[in-house]
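Because only heavy atoms are used, hydrogens play no part in the values below, and waters and symmetry mates are left out as well, while side chains stay in. In what follows, chains carry the letters A, B, and so on, assigned in the order in which the sequence lines appear, proteins first and then strands, with residues in each chain numbered from 1.
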Amino acid sequence: MHRQDHRLERLDDHWLRLPNPWDVPALVCAGTDVPLEPAAVDEALALLETAASLEALSAATGGPPARITRLALTPDFHKGAGIPIGTVIETEHALLPQAVGNDVNCGMRLEVTTLTADDVRPRLPALERRLRHLFFEGGRRIALSPAQREALLRDGVPGLLLTGAAPWAGLGDRDADDSLDRVHAPAFPTGTAEAFADWIGSAGATRHEATHDSVIGGIGGGNHFVELQYVARVHDPAAAHAFGLAPGTVVLMAHSGSLSLGHQANGTARDLLRATWPAGLPRPANGVLPFLLDERTAPARRRYLDAFGNAANFAAGNRFFLALTMRAGLAAECGDLEARLLYDAPHNLFWPDGDRVVHRKGATPAGGHAAVRGGPYAPWGEPVIVPGSMGAASYVLRGHGDPRTLASACHGAGRRVPRGAAARGGDAELDAFLAEFRVVTPLDHRDPVVARRGDVMAAWRRDLNQEAPWAYKDVGPVVESLRAGGVAAPVAELRPLLTVKG
DNA sequence: ATGTTC
């Protein structure tokens, strides 16, 4: 039992309430053994001050009465850059770009293969060499034409596939037709991809000449990874059977986002919000600038929504390519395999619904039966993928659509040590860990830089230290909070075989 | 998280 933060009121063993002067319903799903970070509670209370900003903005502009209708914090919530990671916030007549986080559509992709752990284990050393080449030594040659890049940004993976051939050399020609009812957010149709004209035209000499570029197929940094795992334990045999998660089955998991594109979209939002802020109205002390959903901001919102949609489409498409790259490595070293998408789920997005908008920052949808009506998961609830920290187990759960979290679950174990602080554990401890868990990185202290600059972002040792297991909470109590709190039920536990860190 | 370097 951890000492209770005096600002949180415990309702029962699994739920707390965050009282606030604006009477916004604000609940936290967390068991008594989950440590809660006071600095993150500070941030949540500061975010709730946006209730006052919205009132002032509506009054100053004569716009519709905007308000916060609900706040929820997931069991892994921790301090972010202004707004906690693990925040779900629902607004009415307002949109808060900052409540999505910088990395637009950061999320998870999980594929179930026809291989078993016994098939893969003897091949791990060879697979490590192969993946080092495929991900970091120029082996990643994913050829796209400017027209295909534009199609991906404007209409997502479905739009990309409509462009015809799939010339992603060396990665097979498999398309993603099987994925459309297994992707939470398959596409964000946008009117334009003008915000990313430079990237679209970057490497191609002509509109239809397909070339590789330095962005597509990159993993990213921080807690992002591509990992081979096996089903180590089944918690819900019927659901696990339906999901294809038999014990010993090898799965591949990608955790990645929109790389630089989401940041650029957020820069667009920041500029537009400042430019459209009413003259004479003081900017909010908490730094959170809302778009009011009225005619006045419609042109600015349109520009932002296009850039946001472009970045979101890129992120899901890039996860598709990351999975293709891992499949190519597996096929080369372990023989023919099938790999079927289980689910692609976002962590950082917003969901408009009439006058209301649900925003998730570092939280994942955990809808119930109704959310996946007609799809393959209708009998079970939405798949929820909770990645473990480096070396730790990950979990697949099924959502219950709990309104107390706005049908949301957590996106990991949650940091224990802030990113900026030195993580506990020295070099020797990290060396031992890296040897044990076969972490493939382009920058390995035993094997100096193998990546060409510009072809890949190097995994800096400093970053690996920040991602070491001891920098994170235990995932067990976090997942148990979701189960006991009624948010989602564990289906299976996945343990790592080999991790590729960006 | 990003992309990289005082």
Side-chain angles (χ1 to χ4, degrees), chain A residues 39-40 43 74 76-87 97-109 135-136 140 195-196 198-199 202 213-226 254-271 287 307-308 310-312 314-316 318-319 322 345-350 359-364 387 389-390 410-423 441-443 448-468 471-472 499-502:
Chain A
E43 286 188 330
T74 57
D76 63 332
F77 83 95
H78 55 284
K79 188 179 180 317
I83 293 176
I85 295 153
T87 293
Q98 286 142 291
V100 170
N102 262 330
D103 190 6
V104 171
N105 200 8
C106 168
M108 306 301 305
R109 182 178 172 104
F135 280 100
F136 300 126
R140 186 181 87 213
F196 300 103
D198 287 351
W199 178 65
S202 59
D213 69 67
S214 62
V215 178
I216 197 90
I219 296 173
N223 58 359
H224 290 173
F225 63 81
V226 182
H255 180 190
S256 188
S258 46
L259 302 176
S260 62
L261 281 74
H263 296 251
Q264 190 177 324
N266 277 293
T268 301
R270 188 190 57 234
D271 294 346
F308 174 90
N310 296 152
F314 172 85
N318 200 49
R319 287 195 286 274
L322 290 173
H347 295 156
N348 293 356
L349 282 180
F350 58 75
H359 313 66
R360 294 189 178 93
K361 177 183 177 184
T364 200
S389 54
M390 199 163 62
C410 60
H411 90 307
R415 275 193 174 280
R416 188 205 315 273
V417 181
R419 188 177 286 286
T441 77
L443 179 58
V449 181
V450 291
R452 280 183 297 133
R453 229 50 219 138
D455 191 40
V456 66
M457 197 180 88
W460 299 84
R461 194 178 167 83
R462 180 195 70 194
D463 294 344
L464 278 186
N465 201 287
Q466 292 176 359
E467 297 306 319
Y472 281 82
T499 306
V500 186
K501 293 292 287 183

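- In this structure, CG of A:D198 is placed 17 Å from C1' of B:dG3, rounded to the nearest angstrom.
- A:H411 meets the side chain to side chain donor-acceptor pair (under 3.5 Å) test with A:D76; sequence neighbours excluded.
- Residue A:S260 has no polar side-chain atom (N or O) positioned under 4.0 Å from OP1 or OP2 of B:dT2.
- In this structure, A:R319 contributes its side chain and A:S256 its backbone to a donor-acceptor pair below 3.5 Å.
- The distance between atom CG of A:L261 and atom P of B:dG3, rounded to the nearest whole Å, is 9 Å.
- Here A:T364 pairs with nothing under the side chain to side chain donor-acceptor pair (under 3.5 Å) rule; sequence neighbours left out.
- For A:R415, the side chain to side chain donor-acceptor pair (under 3.5 Å) criterion is met by A:E467, A:Y472, not counting sequence neighbours.
- Note on residues 257-267 of chain A: pairs passing side-chain hydrogen bond (donor to acceptor under 3.5 Å, both in side chains), not counting sequence neighbours, are A:D103-A:S258.
- Across the protein-nucleic acid pair, A:N266 atom CG and B:dG3 atom C1' stand 16 Å apart, rounded to whole Å.
- The CG-P distance, from A:N102 to B:dT2, rounds to 10 Å in whole Å.
- Rounded to an integer number of Å, the gap from NZ of A:K501 to P of B:dT2 is 10 Å.
- Within residues 411-419 of chain A, the residues that place at least one heavy atom under 4.0 Å from DNA chain B are, in residue-number order, A:R419.
- Distance, A:D213 CG to B:dG3 P: 12 Å, rounded to whole Å.
- Between the CD atom of A:Q466 and the P atom of B:dT4 there is a distance of 18 Å, rounded to whole Å.
- Under the side chain to side chain donor-acceptor pair (under 3.5 Å) criterion, A:N310 pairs with A:T190, sequence neighbours left out.
- A:D463 has its CG atom 10 Å from the C1' atom of B:dG3, to the nearest Å.
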